[in-house]
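Throughout, residue positions are numbered sequentially from 1 according to the sequence presented. Worth knowing before you read on, the calculation uses all heavy atoms, side chains too, and leaves out hydrogens, waters and symmetry mates.
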Amino acid sequence: MTSYTTSKTSRTSGLAIAGLVCGIVGLFILPIILGPLAVIFGVMALRQTGSVMAKWDIGLGVVDIILMIVMFVVAANNGGSFTWHMG
């Protein structure tokens, strides 16, 4: 008798990687666009693979959206402008 061993290879979804990149970059620039994209990519990847990375995508996308809302509120309270002073 011949015994066959199968190795389970885990394959990372391209959608999960795209969502992770959108979520991380969205923390720094364009959260209004990249936040929702991270959530969409994360949900699609979660349906396909159920990976932990897809859950991180959704979480980062939500953080991006919350960051965007906070920036809008700060800008509205400053007369329509958002300035960042360093030093």
Side-chain angles (χ1 to χ4, degrees):
M1 273 187 134
T2 306
S3 170
Y4 293 102
T5 59
T6 59
S7 63
K8 189 175 184 179
T9 59
S10 64
R11 204 172 133 228
T12 304
S13 169
L15 289 171
I17 294 171
L20 191 64
V21 169
C22 287
I24 291 171
V25 173
L27 291 172
F28 302 104
I29 57 171
L30 296 173
I32 193 168
I33 297 170
L34 297 176
L37 278 177
V39 172
I40 291 168
F41 289 148
V43 168
M44 291 171 60
L46 190 62
R47 288 183 182 167
Q48 286 181 358
T49 62
S51 69
V52 174
M53 188 183 296
K55 294 176 185 175
W56 274 98
D57 299 345
I58 296 168
L60 282 170
V62 169
V63 168
D64 289 346
I65 293 169
I66 291 171
L67 178 66
M68 175 187 63
I69 292 170
V70 168
M71 287 191 326
F72 282 154
V73 168
V74 169
N77 288 334
N78 286 333
S81 66
F82 181 77
T83 56
W84 190 278
H85 298 286
M86 298 199 51

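- Rounding to the nearest 0.5 Å gives a distance of 11.5 Å between CD1 of I32 and CG of L67.
- When all heavy atoms of A16 and A45 are compared, the closest pair comes out as N-CB, 3.7 Å.
- Using a 4.5 Å heavy-atom cutoff, the side chains of M68 and D64 are not in contact.
- Summarising the geometry, atom CG belonging to L34 is positioned 11.5 Å from atom CD1 belonging to I24; distances are rounded to the nearest 0.5 Å.
- Between G19 and A38 the shortest heavy-atom distance is O-CB, 3.5 Å.
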Got a list of side-chain donor-acceptor pairs under 3.5 Å for residues 52-61, not counting sequence neighbours?
| unit_1 | atom_1 | unit_2 | atom_2 | d |
| --- | --- | --- | --- | --- |
| D57 | OD1 | L20 | N | 3.0 |

Practice task
Walk me through it: do F41 and V21 pass the test side chain to side chain contact (heavy atoms under 4.5 Å, CB included)?
Solution key: CA-CA 10 Å; F41 289 148; V21 169; over 6 Å; no

